[in-house]
Amino acid sequence: MTLARNVYKALEDIVGPENISDDPAVLDSYRYSLAHTAIHIGPYYDTFTPRGEAVLLPGSTEEVQAIVKLCNKYKIKFKASSTFWSAQGYPSGENTIQLDMRRMDRILEIDEKNMFAVIEPGVIGATLQAEAMKLGLNTHLPGSGCSCSILAGATSYFGSGPSNLYGGWHYDNLLALEWVMPTGEILRTGSLGAGCGWFCGEGPGPSMKGVARGFLGAKGAMGVFTKCAIKLFAWPGPQTLPVEGTIPAYRVSLPDNFKAYTVAFPSWRAWADAAHMIWDAGIGYLAHRQFNMFGRDLKFAMIKILTDPTKTLGDLEELLEDPEVQKVTQESMRDFQIVLAGMTRRDMAWQEKVLDEILRRTGGWKVEAMNEPEIHDWALLYLIRLGHKNLNLVYAGGYDGCFGFLGAPDYGTTYVEEAAEFKREWEKRGAIVEAGGDCMMGPIGGQGGGGTCLWENFTCFDPHDKDSVEGTLEFFDACTELGLKRGWGVGMEKWNAAARGPDGRTPPKEERDRIHLAAPQPSVFRYQHRVKEALNPNDLGDAYYETLED
Amino acid sequence: MEEKRAQLVDIVGEAGVIDHPDVGESFSLDHELIPPLKPCFLVRPQNVDQVQKIVLWANETQTPLVPMSSGAPHFRGDTAPTAPEAVIVDLSGMRRILKINRRHRLALIEPGVTYTQLQPALQEEGLRIIMPLLPRANKSVIASLLEREPVMSPRYQWNLLEPLRSLEIVWGNGDKLWSGGGVFRGEREEEWRMGLVPLVGPGPGQLDFYKFVSAAQGSMGIVTWASVKCEVFPECRKLFLVPAEKLEDLIDFTYQLLRFRFGDELFIVNNACLAYILGTEPAEIVALKDTLPAWVVVVSITGGHIFPEERVAAQEDDIRDIAQRFGLKLMPAVPGCRGSDLLNLLLQPSSEPYWKLRYKGGSQEIFFLTTLDKTPSFVATMHTTANEQRYPVPDIGVYLQPVHQGVGCHCEFILPFDRQNRAEMDRTRELFREASFRLFRQGAFFSRPYGIWAHMVYNADAQTTMVTRKIKDIFDPNHVMNPGKLCF
């Protein structure tokens, strides 16, 4: 309890006594284990993010603004988070109060005709999707899954996911936004600032939305986003998803204008060719290399378990001995999933025909075992709803990603086997799950309409086992070393190294500077520094907004 | 002044410096409200190094720079200096198409590259770029995209800046930066094979650098190349027209097409606008206005490279069904306009004279962003105001272009006037001013605030103005880039 009483009282006056706490037990529940699923920062055994000075649950933009102004007055850092996905949503130093945005969870409007929704930070993907579907619309769900805040992904992090292809990633979908800036002033971008509604985030003139986020967002280090408008897209399905089945084998049977295929190819070149042809033709509602996250050797056995409520992980080894499972595993080595959704019957027929033609031209095939009704309907629900994120952790309770080739398909496909083989060798050492080396997953279309892919190689480990955690960290260090040697650069296993060190706290400035100076354009971080000086003069965020002094 | 001239000659050579340049006639009536100033010199850099040297020189000498990539006539006043002793930086000589790559559907172009130049080159590679409605033949592709000129095919517009991707930017402080994926410039063929190419627009990092030069009217920096995303050149395409007597009758139908992302080029025009597009001389335009339907949805259907005919046939049937549901007809021609003829026109830049000038020799534009459902009320306001200002309502061209996959709509009024007729010019100017204010008060979002619109929009949004100025101070601390524009 280090906040001065008068400060605590002032904060309490803003949000009310029921929405603030500095009880150590409560504060510790707002810390994050870096040994757990740390999303590209750890794993570091027995390390937690620093304890906040207090946690507040603001209920309105006005309350957020008042809190931020008070933070400026008393020079207290603040970190807002909506659904707390990963360590990035937590403080990385002392003298920080935490804003838990969950009370601001209203869908303020869905403009059916103009296809956008206005939401608050606490609105999760599942809620928005369910409401949108009632109106024949859908929302893109970032890879973090449907239980995460849509606003957080769109404004503050990445916003990429399986439905980038047709739905656009949330960089594209972010329209006007309301931003309590680090000084406490409120910026409303685009048409909103002009009093003309939420439909446009750009302008007038040069777009100040470009200050709010670039390729990535500021990860909670530059003020608080309190509302935003998100572009939606057509949902040519029922108003509610008719979900059936028993946990974990939930599935959905949709009309014939929906199909979820797993397609596979004889070579990586053919895989890349198919991706380009799909983008050129403009087919597909969603495309993702999804189930390979279970590993090239294990994925079909895992799908058999996950689609059969009578099976458990204990059946895995037996299933792996099944010749039929082995056959499917072999034929789906170079695969991805694609969902077709026809806006009309004719549209669906044409898309089906085009997909078949692409497979013919590339020598690819549909993995027929994935078309079994139970499996098909499970996969369809998985991909549309993205509600199975718990399965990221299914093997041992922890996972993290490494490598993460980002670029055109030719880039990832050139190196996938080398990176997979590298991991396969490390898997033999016992610290990480032996899954076949290639556990690479990511969107077929990193942005609307395609063009790029992302190859995140899932690495599963036991966060409660010191040897497993430390072995995984050793593996990640080796990945970085290989990436630098091969010219791939530092992989996603170190994406946050500039912002948080092994002790869970901001690394020393010298270390951050070293990383930023090694970037292809250090000036990017210098400009970010100047923007921080201009808009966050009291430096009340953390190092997740990456800067380099002149 | 002679010293300045000599310094510029040192940078771009004797042939690259023009004294007291005539930068072409401007058609903006705004100029009588905000008078432009005569520039001292026009310089023609040939590469990014020269551009950088010019900008650094401008910082040293406190000389205003006005970037310009397109040829005359200039319509909106953004290339007309509003500060004394300015130097025009004419980028039209940087007109190399650096790369066209079919696999990545990407082209790298310099700022002087025009649609007239780019489109045939793309077609040779089986590609095309989505175009604005009949750009001037000498219109720079990069300038058009930077100014967020709406494109005719909203379905490909994943964001408002599409199809613009990575840029090379020389900021007002003289720094060079590659935005988006521009650090992968694809200088080696190997990089193109590996997919290390400038495919990405946003970033890099946590700022969105290309948004700071977007719609900036040259006030932040100078773009020296850009990558632009292309589409497959369709092996089969058809254009249809859906007529109606009232604009309101077309709105829900258009929304349905946008919802399904049916149609490629997709927009709404009134009879006057369509007449200006189709007609070649005033008498023909008058006749066309009387013949054409009051309002028309223009929708093209394209088939790419796999089963193109079947794609077009399926979508034609679907759109016909949708039209029928709304009591409308999908037609290959309407009185005064055949779809195939219009398609041929739309696939090219405007022939000369520029289409907005054909009727009366002069034309004033009013355009802004809104949503499609609100456009009828803006049209009504425009007509009321025109009546009050004794401007002939039948002459008002209306062009409604859905943008960003239908989330927003560019609403444009075209007001032809006779430049030889002083009274008509005065009436048009007064209409322009009065209608601009009324539309603004009604909720029109002047997202690209040229001329007098800048005062309206920035005065109404203090926080945006403050942040925009802070960003300007970072990238152009000495305010050498096109001073006097926007809120600077």
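Chain naming here is simple, since letters A, B, ... match the order of the sequence lines and numbering starts at 1 in each. Computation of the quantities below employed the complete heavy-atom set of this structure, encompassing side-chain atoms and omitting hydrogens, waters and symmetry-equivalent molecules. Note that this is a predicted model, so its numbers are computed, not measured.
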**Prompt:** Any Lys/Arg nitrogen of R103(B) or D273(A) sitting under 4.0 Å from an Asp/Glu carboxylate oxygen of the other?
**Reply:**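 Looking at R103(B) and D273(A), the cut-off is met.
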**Message:** For D318(B), is there an ion pair with R346(A) - N to carboxylate O distance below 4.0 angstrom?
**Reply:**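 Counted as a salt bridge, because a side-chain N and a carboxylate O are separated by less than 4.0 Å.
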Counting only non-hydrogen atoms closer than 4.5 Å, does [X] touch chain B with its backbone (N, CA, C, O), its side chain (CB onward), both, or neither?
X: Y545(A); result: both
X: E202(A); result: both
X: A272(A); result: both
X: R345(A); result: neither
X: M222(A); result: neither
X: E533(A); result: neither
X: T414(A); result: side chain
X: L175(A); result: side chain
X: L535(A); result: side chain
X: Q528(A); result: both
X: W279(A); result: both
X: D111(A); result: neither

**Message:** Out of G195(A), G193(A), G168(A), return the one with the most heavy atom pairs under 4.5 angstrom to chain B.
**Reply:**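 Option with the greatest count: G193(A).
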**Prompt:** What residue in K231(A), M277(A), R361(A) has the most heavy-atom pairs under 4.5 Å with chain B?
**Reply:**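 That would be K231(A).
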Just so I know, are the side chains of [X] and [Y] near enough to count as touching, which here means a heavy-atom distance under 4.5 Å?
X: F199(A); Y: L369(B); answer: yes
X: D280(A); Y: R102(B); answer: yes
X: W169(A); Y: P202(B); answer: yes
X: Q463(B); Y: W179(A); answer: no
X: D410(A); Y: H104(B); answer: yes
X: P204(A); Y: P449(B); answer: yes
X: M466(B); Y: E185(A); answer: yes

**Request:** Give the intermediate values and the outcome of side chain to side chain contact (heavy atoms under 4.5 Å, CB included) for residues R311(B) and K353(A).
**Result:** CA-CA 10 Å; R311(B) 160 71 178 270; K353(A) 196 169 174 182; over 6 Å; no
Portion of [X] that has a non-hydrogen atom of chain A nearer than 4.5 angstrom:
X: W171(B); result: side chain
X: L207(B); result: both
X: Y156(B); result: neither

**Prompt:** In Å, rounded to the nearest 0.5 Å, how long is the span from CZ of F212(B) to OG of S207(A)?
**Reply:**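 Rounded to the nearest 0.5 Å, the CZ-OG separation comes to 8.0 Å.
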**Asked** Could you give the distance from CZ (R261(B)) to CG (D347(A)), rounded to the nearest 0.5 Å?
**Response**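 Going from CZ on R261(B) over to CG on D347(A), the span is 11.5 Å.
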Which atom of [X] lies closest to which atom of [Y], heavy atoms considered:
X: D172(A); Y: W158(B); value: CB-O, 3.2 Å
X: G451(A); Y: L199(B); value: O-CD1, 3.3 Å
X: D208(B); Y: R213(A); value: CB-O, 3.4 Å
X: V524(A); Y: G205(B); value: CG1-CA, 4.3 Å

**Prompt:** In this structure, which one of D252(B), T371(B), D373(B) forms a side-chain hydrogen bond (donor to acceptor under 3.5 Å, both in side chains) with K113(A)?
**Reply:**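 In the set D252(B), T371(B), D373(B), the residue that makes a side-chain hydrogen bond (donor to acceptor under 3.5 Å, both in side chains) with K113(A) is D252(B).
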Main-chain N/O of [Y] paired with [X] side-chain donor or acceptor, under 3.5 Å:
X: K470(B); Y: A534(A); value: yes
X: H404(B); Y: N173(A); value: no
X: R148(B); Y: G205(A); value: yes

**Message:** I'd like to know whether Q521(A) forms a side chain to side chain contact (heavy atoms under 4.5 Å, CB included) with K176(B), so could you lay out the CA-CA distance, the side-chain angles of the two residues, the decisive distance to 0.1 Å, and finally the verdict.
**Reply:** CA-CA 10 Å; Q521(A) 291 193 91; K176(B) 184 172 73 177; over 6 Å; no
**Request:** I would like to know whether F475(B) and R530(A) meet side chain to side chain contact (heavy atoms under 4.5 Å, CB included); could you show each step before the answer?
**Result:** CA-CA 10 Å; F475(B) 291 103; R530(A) 291 178 204 171; over 6 Å; no
